[in-house]
Amino acid sequence: MGISNAYGVIMDLLNLLESFVRVIDNGSLSGGARQRHISQPAMSQQLNLLEAQVGQELVFRSNKGVQPTAAGKIVYEHAQAMLRQSAQMFEELQEQVGAERGSLIVSVSQPMGSDIITPMIFDLRKEYPDLSISIRMEDELIDVVREGIDLAVRTGVPGETSGVVRKVAVAETCLVASSDFLAKHGMPRIPEALADLNYIQYRTEIPVSSLALLKRGQKHVVDIKSEFVAGHPQVMAQALLNSVGFTRMPLFMLRGLEEAGALQRILPDYQCEEKPIYLVYPSREALTRKTEIFIAAMLERFRDVPGIKLVGQQPIQFARPA
């Protein structure tokens with residue numbers, strides 16, 4: 001039996017069971033028929049079909065109306081459960097369709113938004129053309145609950161928020177500067193040489209006064225000075241290209257600039273600290289089907305981005321209808 005034929009048989013059975021339940025609940029064929037908007041002869045025919053399928057009589061007539069037999073009581077109990085499960089199934093299916101078609105508001109930093117998330121959304125819409133995604137590329141550490149954000153993707157620090165924070169990946173970083181800057185000041189050969197160079201700091205939330213580097217298991221901590229703070233990724237890039245100083249940058253941001261020869265890595269044999277990547281959302285109950293679709297696609301895209309490593313492979317628990 002094919003899937004479509006099996007589905008038809010199940011739906012026919014559910015239809016007969018619903019008619020049977022309505023008859024027992026009303027105590028009469030006519031009452032059940034009125035609720036199902038069919039004639040009494042049609043209702044009688046449906047009962048006959050159901051009894052033929054189970055091979056037993058399911059009702060008898062008494063002075064109290066139509067009553068279930070012993071077999072009828074068993075069928076009635078299971079029919080109620082099957083009808084409830086069937087209704088719940090269709091309700092969840094409708095919720096899923098609605099969720100896939102609904103609008104999702106996502107907040108993400110400028111570099112990740114332009115380099116990773118936006119291209120991913122274009123590919124995602126090919127599979128889910130009805131999924132509407134409103135992306136806010138911003139570097140302010142907003143409160144997702146107060147701002148009405150469904151999901152925020154944060155790199156470095158999640159910020160203060162009343163939502164749920166979960167670390168899902170890390171971004172590898174490296175030290176970089178422009179070729180002109182290095183030609184003027186010289187290429188540092190040891191971490192201690194960084195103390196003589198100006199460090200470009202990104203944002204002002206956490207002042208940077210030192211850098212930790214790792215080589216062959218040995219940690220080097222060097223003091224640095226910062227005379228320039230960039231509040232936006234484009235300002236950071238312009239400061240680097242204008243030889244204002246050097247900085248620490250995620251590898252996924254560096255790719256195009258390094259290939260074009262605009263920036264060079266400093267102390268490439270030393271490993272810099274990684275930047276954690278967080279998901280921030282209002283609550284676990286707020287994780288809908290559309291959020292699940294987006295997160296799954298994003299994590300899959302992270303696997304293909306050099307310099308990003310997934311962490312904590314335990315699946316995120318999404319809220320399901322009760």
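The chain is numbered in sequence order, starting from 1.
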Open item on the list: Please report the interatomic distance CE(M253) to SG(C174), rounded to the nearest 0.5 Å.
Closed with: 10.5 Å

Open item on the list: With rounding to the nearest 0.5 angstrom, report the OG to CG distance, S44 to L29.
Closed with: 6.0 Å

- [ ] Ignoring hydrogens and angles, tell me if any N or O in the side chain of S134 forms a donor-acceptor pair with the backbone of L104 under 3.5 Å.
- [x] no

TODO: State, with a plain yes or no, whether a side-chain heavy atom of L214 is found less than 4.5 Å away from one of H220.
DONE: no

Open item on the list: side chain to side chain contact (heavy atoms under 4.5 Å, CB included) for I121 and V106? Distances and angles first, verdict last.
Closed with: CA-CA 11 Å; I121 290 175; V106 180; over 6 Å; no

Task: Stacked cation flag K215 on Y270, 6.0 angstrom / 45 deg - done: yes

Open item on the list: Taking the side chain as everything from C-beta on, heavy atoms only, tell me whether F228 gets closer than 4.5 Å to V235.
Closed with: yes

Task: Heavy-atom closest contact (Q56 atom, A71 atom, distance) - done: OE1-CB, 3.3 Å

TODO: Check whether the ring centres of Y199 and F246 lie less than 6.0 Å apart, and answer yes or no.
DONE: yes

- [ ] Kindly work out whether a path of hydrophobic side-chain contacts (I/L/V/M/F/W/Y, heavy atoms less than 4.5 Å apart) joins L13 to L83.
- [x] yes

Open item on the list: Tell me whether F60 at atom CZ has more than 12 heavy atoms from other residues, nucleotides or ligands lying less than 6.0 Å away.
Closed with: yes

Open item on the list: Tell me the closest heavy-atom pair linking L14 and S86, and the distance in Å.
Closed with: CD1-OG, 3.6 Å

- [ ] For R154 and S107, test the side chains for any donor-to-acceptor distance below 3.5 angstrom and give the result as yes or no.
- [x] yes

Open item on the list: Using the rule given for side chain to side chain contact (heavy atoms under 4.5 Å, CB included), can you reason through Q46 versus I38, listing the C-alpha separation, both sets of side-chain angles and the distance that settles it, and then say yes or no?
Closed with: CA-CA 11 Å; Q46 290 192 8; I38 60 176; 3.9 Å; yes

TODO: Could you tell me whether a side-chain N or O of E51 sits under 3.5 Å from a main-chain N or O of L58, the two making a donor and an acceptor?
DONE: yes

Task: Shortest non-hydrogen contact from F302 toward A169 - done: CD1-CB, 4.2 Å

Task: E18 with R22: basic N within carboxylate O range, under 4.0 Å - done: yes

Open item on the list: With a 4.5 Å cut-off on side-chain heavy atoms, are L240 and M249 touching?
Closed with: yes

Open item on the list: Just so I know, are the side chains of I135 and T118 near enough to count as touching, which here means a heavy-atom distance under 4.5 Å?
Closed with: yes

Task: S210 (side chain) donor-acceptor with V222 (main chain) under 3.5 angstrom - done: no

TODO: Dump the intermediate steps for side chain to side chain contact (heavy atoms under 4.5 Å, CB included) on V153 and M298, then the final yes or no.
DONE: CA-CA 10 Å; V153 186; M298 183 188 69; 3.7 Å; yes

TODO: Evaluate the side-chain proximity of I277 to M112: yes if any heavy-atom separation is below 4.5 Å, no if none is.
DONE: yes

- [ ] Any chance you could lay out the side chain to side chain contact (heavy atoms under 4.5 Å, CB included) test for R265 and L254, step after step, and finish with the verdict?
- [x] CA-CA 9 Å; R265 301 192 197 192; L254 176 64; 3.7 Å; yes

TODO: Among L279, I295, L310, find the residue that satisfies the side-chain contact (heavy atoms from CB on, under 4.5 Å) test when tested with V168.
DONE: L279

Task: Flag, side chain of N198 to backbone of E227, donor-acceptor distance under 3.5 Å - done: yes

Open item on the list: With a 4.5 Å cut-off on side-chain heavy-atom distances among I, L, V, M, F, W and Y, is there a chain of contacts connecting L124 to Y281?
Closed with: yes

Open item on the list: When you compare the side chain of F181 with that of L197, does any pair of heavy atoms fall below 4.5 Å?
Closed with: yes

Open item on the list: Looking at every non-hydrogen atom in both residues, tell me the closest pair between G72 and P68 and how far apart they are.
Closed with: C-CB, 3.9 Å

- [ ] Would you give the length of the straight line joining atom OG of S62 to atom CD of Q67, rounded to the nearest 0.5 angstrom?
- [x] 4.5 Å

- [ ] May I ask you to decide whether D123 forms a salt bridge with R301, counting only side-chain N to carboxylate O separations under 4.0 Å?
- [x] yes

Task: Contact check, side chains of L175 and L211, non-hydrogen atoms, under 4.5 Å - done: yes

Open item on the list: Looking only at side-chain N and O atoms, does T173 offer a donor or acceptor that is under 3.5 Å from a partner on R248?
Closed with: yes

Open item on the list: Are D115 and V305 packed together at the side-chain level, in the sense that at least one heavy-atom pair is separated by less than 4.5 angstrom?
Closed with: no

Task: Gap separating the CD atom of E77 from the CD1 atom of I24, nearest 0.5 angstrom - done: 13.5 Å

Task: Nearest non-hydrogen partners of P250 and K275, listed with the distance - done: CG-CD, 4.1 Å

Task: I224 reachable from M187 in the ILVMFWY side-chain graph, under 4.5 Å edges - done: yes

- [ ] Give the minimum heavy-atom separation between P188 and G186, together with the two atoms involved.
- [x] CD-O, 3.3 Å

Task: Distance-only donor-acceptor check, side chains Q264 and S179, under 3.5 Å - done: yes

Open item on the list: Could you check whether any side-chain N or O of T69 sits under 3.5 Å from a backbone N or O of E57, counting only pairs where one atom can act as donor and the other as acceptor?
Closed with: yes

TODO: Give the cluster check for L194 versus Y202: same hydrophobic cluster or not, with ILVMFWY residues linked at side-chain heavy-atom distances below 4.5 Å.
DONE: no

Open item on the list: Assigning hydrophobic clusters by single linkage (Ile, Leu, Val, Met, Phe, Trp, Tyr; side-chain heavy-atom cutoff under 4.5 Å), is L151 placed with I117?
Closed with: yes

Task: F20 side, atom CZ; M43 side, atom CE - distance, nearest 0.5 Å - done: 11.0 Å

Open item on the list: Looking at E274 and K309, is any side-chain nitrogen of the basic one under 4.0 Å from a carboxylate oxygen of the acidic one?
Closed with: yes

- [ ] Without swapping roles, check the side chain of D150 against the backbone of I105 for a donor-acceptor pair under 3.5 Å.
- [x] yes

Task: Spacing of E127 atom CD and L131 atom CG [to the nearest 0.5 Å] - done: 10.0 Å

Open item on the list: Tell me whether S114 contacts the main-chain N or O of Q110 through its side chain, where contact means a donor paired with an acceptor under 3.5 Å.
Closed with: yes

- [ ] Give a yes or no on this: more than 12 heavy atoms of other residues, nucleotides or ligands lie within 6.0 Å of atom CD of Q45.
- [x] no

